[in-house]
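Here is the structure we will look at, set down as structure tokens.
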Protein chains: 2
Amino acid sequence: MTTKTKRDKKDEQILERMRDLAQAVIDIFGEKGNPAVQIPLRSLSNSVFDEESRFIRMGDKLQERVFFHQGQAKRFMQTFLVASACKELLDVRKTTSIRDLFYMTKHTLARGENTFDDQSESDPVLEDLEVTIGALREELHLFASNKGTMVGNLTLIDSGDTIDCRSMGTGGYGIPSIVEEHVVQFKKCEADFVLIMEKDAVWRRLNEDKFWKKHNCIMMQSGGQTSRGVRRMLRRLHEEKGLPVYVLVDNDPWGFYIYSVLKYGSINLAFESERMAIPKARFLGLSSFDREKFDLPSVVTIALNKNDEKRAREIMKYPWFNEKRWQKELQKMMDSKVKLELEALSSRGISFISEKYLPEKIKNDDYLE
Amino acid sequence: MTTKTKRDKKDEQILERMRDLAQAVIDIFGEKGNPAVQIPLRSLSNSVFDEESRFIRMGDKLQERVFFHQGQAKRFMQTFLVASACKELLDVRKTTSIRDLFYMTKHTLARGENTFDDQSESDPVLEDLEVTIGALREELHLFASNKGTMVGNLTLIDSGDTIDCRSMGTGGYGIPSIVEEHVVQFKKCEADFVLIMEKDAVWRRLNEDKFWKKHNCIMMQSGGQTSRGVRRMLRRLHEEKGLPVYVLVDNDPWGFYIYSVLKYGSINLAFESERMAIPKARFLGLSSFDREKFDLPSVVTIALNKNDEKRAREIMKYPWFNEKRWQKELQKMMDSKVKLELEALSSRGISFISEKYLPEKIKNDDYLE
């Protein structure tokens with residue numbers, strides 16, 4: 001089976017890198033030296049906005065983790081403990097959650113100390129491992145939570161099962177958290193674009209109105225901040241199938257942030273941007289200008305609170321929003337002092353969003369990039 | 001089409017009840033009287049645990065909502081405003097979210113006052129309407145959020161699309177929030193039971209291990225507290241297909257509460273129990289006795305905090321947990337002073353839960369009811 005071979009090959013590469021890492025340490029022990037691991041630094045000071053590729057990238061600063069060192073010995077041990085658990089997952093060809101990984105690696109050492117006390121200790125160690133061997137956690141067989149659903153003009157294969165996203169009823173296909181090629185393969189895709197929205201209720205409205213059929217697209221919802229699985233699915237559809245990605249979020253700083261992460265990645269996880277970011281993702285709405293454009297009554301607006309204003313000011317300073325059109329968009333929100341939810345469009349009619357708002361926005365190329 | 005006819009028939013019944021409600025008011029206006037609506041009281045004082053049917057039921061106390069009354073006139077207007085929006089949904093055969101309903105009915109009246117200021121005002125009015133005309137919100141064409149996924153030995157029809165839950169890949173079928181017969185019909189079901197778990201990560205583990213295939217069942221996950229759609233889906237499978245329902249939750253007061261709501265309903269929504277509750281739902285685990293039974297290391301336990309202890313004491317007083325076996329179960333948690341997550345089973349091995357824990361529990365009928 002092609003699928004299996006591909007998976008094995010990828011797994012073999014990762015295992016090889018882990019073995020190299022371990023062998024280097026063993027070699028130094030053999031020479032009675034003090035082994036050290038070079039770990040790329042995951043911090044604000046080591047993340048840069050790459051103007052050319054237009055996403056947040058991890059810089060090349062490294063930190064050293066040394067074995068014979070009072071302050072680093074425990075973390076050193078933890079790094080290899082996590083690596084060993086991942087190796088086990090790869091060996092037995094199983095996947096699991098990072099919560100599970102924590103339990104798999106948590107135990108009490110001889111002198112009564114625990115390997116990990118809390119998951120907040122094992123998560124950063126996992127991130128260290130990811131950057132050190134240059135593999136996403138999904139490639140280490142670890143999944144985040146399943147989140148999001150999908151319908152549209154696409155047939156895919158998920159672990160050998162054929163999923164026709166054109167006939168998934170009202171529920172849709174649950175987007176898995178691992179959508180790498182060894183799990184999910186695209187079979188037949190006629191769609192012209194992907195529409196990703198933050199809100200499940202909006203997705204249901206559009207699905208009921210068969211928006212994806214009329215406008216030949218794929219529709220996803222992420223239930224708030226987009227999960228890793230949704231981001232990778234979008235990225236793959238964008239890259240492999242050449243589909244433009246339209247983003248539909250609430251008109252508030254949180255909505256802008258969801259879009260921002262999708263497009264440029266985040267500072268915390270800068271090392272993943274290369275595999276996750278979609279620099280050409282299009283912000284379709286809600287724009288602060290839509291209120292007038294689509295004649296929405298002022299009763300459906302919500303006043304910005306102090307926290308919203310603070311967040312909006314922060315977002316305005318992001319280098320990737322440092323463009324005239326974006327500054328105008330954000331300034332408009334600050335000036336109007338209000339925000340808007342996607343549901344506010346329903347004040348103009350139940351299907352206003354699917355029959356008027358979206359078709360006009362898409363037809364007029366009324367988006368920000 | 002049978003589906004459409006069934007739907008139309010149900011809708012027609014609801015519309016009839018709404019018209020009756022409105023006509024009664026109009027009649028009294030015609031007689032220059034003061035119209036009043038009798039609304040069943042939704043409160044702790046009007047909910048009882050019915051020993052015979054074994055779920056929480058709404059009592060028969062009524063409150064009167066009067067039109068010519070300074071304190072009630074606004075609420076009276078709101079009741080009919082919400083009813084009118086629901087009528088519109090039924091008329092055009094569309095469904096929407098309760099957030100959308102809020103926006104559909106929010107507008108500014110002549111004297112500058114808003115019909116609703118906040119969704120916290122429209123939600124209880126909707127609940128009033130549900131109990132007054134004796135219809136679930138799903139029957140008024142309103143949906144809650146889509147939550148939960150499903151796989152297993154079941155084929156169903158969702159809005160005309162055939163969904164084979166045996167070949168849904170790693171993602172599964174997204175359980176819609178409206179699963180009433182006019183949307184979802186069961187086609188072919190060979191499963192012997194349903195296993196519902198609170199955690200998506202556990203569901204993924206079991207799906208990867210094809211637990212549902214080996215043990216001929218249907219597996220659902222609800223991502224925390226079970227949604228209305230999941231509860232109705234479980235209830236329908238239990239009632240129409242005669243399947244026992246096994247519940248798998250964390251060993252903590254929150255897990256017990258999830259089970260409790262599934263089984264007996266909740267006080268807030270006592271009027272829905274008749275359509276939602278599954279009095280014979282079986283609590284499979286995690287039990288406080290499982291720690292010793294399955295030899296789980298003490299390092300994976302988590303100390304109960306003050307809030308947990310308070311919650312556990314409250315739960316012990318629920319009349320439906322007032323049975324020797326349940327009191328023993330809850331007392332064991334209080335005595336041991338610890339709680340356990342489902343993931344803690346992974347300390348015994350990645351697939352310990354699917355290969356040892358669950359098969360033994362089910363085989364030995366080791367559950368509480």
Side-chain angles (χ1 to χ4, degrees), chain A residues 88-89 92 94-97 99-104 106-108 114 143 145-147 149-150 156-163 166-178 183-184 199-205 208-209 221 223 229 297-300 341 343-347 350-351, chain B residues 88-89 92 94-97 99-104 106-108 114 143 145-147 149-150 156-163 166-178 183-184 199-205 208-209 221 223 229 297-300 341 343-347 350-351:
Chain A
E88 187 189 342
L89 288 170
V92 297
K94 294 193 175 185
T95 59
T96 198
S97 66
R99 183 84 188 141
D100 240 17
L101 179 81
F102 162 66
Y103 278 110
M104 284 167 68
K106 183 181 187 178
H107 57 259
T108 307
N114 291 337
F143 53 72
S145 64
N146 269 11
K147 227 176 80 176
T149 45
M150 182 159 102
L156 54 83
I157 316 271
D158 173 351
S159 317
D161 292 337
T162 300
I163 312 277
R166 294 165 203 83
S167 62
M168 293 302 292
T170 54
Y173 162 63
I175 301 170
S177 82
I178 302 187
V183 181
V184 173
K199 283 191 162 160
D200 151 60
V202 176
W203 182 90
R204 299 208 50 188
R205 161 86 278 117
E208 190 169 281
D209 292 346
Q221 63 87 12
S298 61
V299 71
V300 298
E341 287 190 288
E343 288 94 332
L345 293 166
S346 301
S347 63
I350 305 170
S351 291
Chain B
E88 188 190 342
L89 289 168
V92 298
K94 294 193 175 186
T95 59
T96 197
S97 66
R99 183 84 188 142
D100 241 16
L101 179 81
F102 162 66
Y103 278 111
M104 283 168 68
K106 182 181 187 177
H107 57 259
T108 307
N114 290 337
F143 53 71
S145 65
N146 269 12
K147 228 177 78 177
T149 44
M150 181 160 101
L156 54 83
I157 316 274
D158 173 352
S159 317
D161 292 338
T162 300
I163 313 277
R166 295 165 203 82
S167 62
M168 294 301 293
T170 54
Y173 162 62
I175 301 170
S177 82
I178 303 188
V183 180
V184 173
K199 282 190 162 159
D200 151 60
V202 176
W203 182 89
R204 300 207 50 189
R205 164 84 278 118
E208 191 170 281
D209 292 347
Q221 63 86 10
S298 61
V299 71
V300 298
E341 287 191 288
E343 288 93 332
L345 294 166
S346 300
S347 63
I350 304 170
S351 291

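So that the names make sense, note that chain A is the first sequence line, chain B the second, and so on, each numbered from 1.
For the pair B:Thr170/A:Ile178, no side-chain contact is recorded, criterion being any heavy-atom separation below 4.5 Å from C-beta on. Counting heavy atoms from C-beta on, the side chains of B:Glu208 and A:Thr96 never come closer than 4.5 Å. Side-chain contact between B:Pro297 and A:Lys106 is absent, with no heavy-atom pair separated by less than 4.5 Å.
Residue B:Asp100 touches chain A through both its backbone and its side chain, counting heavy-atom pairs closer than 4.5 Å. Heavy-atom distances place the backbone of B:Thr162, and not its side chain, under 4.5 Å from chain A. For B:Val92, the part lying under 4.5 angstrom from a heavy atom of chain A is the side chain only.
A donor-acceptor pair under 3.5 Å is formed between the side chain of A:Asp161 and the backbone N or O of B:Gly169. Here the side chain of A:Asn114 pairs no donor or acceptor atom with the backbone of B:Val299 at under 3.5 angstrom.
Looking only at heavy-atom pairs under 4.5 Å with chain A, the residue among B:Lys147, B:Lys199, B:Met104, B:Gln221 that has the most is B:Met104. For the set B:His107, B:Glu88, B:Met168, the entry with the most heavy-atom pairs within less than 4.5 Å of chain A is B:Met168. When the candidates B:Val300, B:Leu156, B:Leu89 are compared by the number of heavy-atom contacts under 4.5 Å with chain A, B:Val300 comes out ahead. Among B:Ser351, B:Ser298, B:Ala344, B:Gly223, the residue making the largest number of heavy-atom pairs under 4.5 Å with chain A is B:Ala344.
B:Asp209 and A:Lys94 are joined by a salt bridge, as a carboxylate oxygen and a charged side-chain nitrogen come within less than 4.0 angstrom of each other.
The distance from the CG atom of A:Asp200 to the OG atom of B:Ser177 is 7.5 Å, given to the nearest 0.5 Å. Atom CG in B:Asp158 sits 10.0 Å away from atom OG in A:Ser167 (nearest 0.5 Å). A distance of 11.0 Å separates OG of A:Ser346 from CZ of B:Arg99, quoted to the nearest 0.5 Å. Atom CZ of residue A:Phe102 and atom CD of residue B:Glu343 lie 10.5 Å apart, to the nearest 0.5 angstrom. With rounding to the nearest 0.5 Å, the separation of CZ in A:Phe143 from CZ in B:Arg204 is 4.5 Å.
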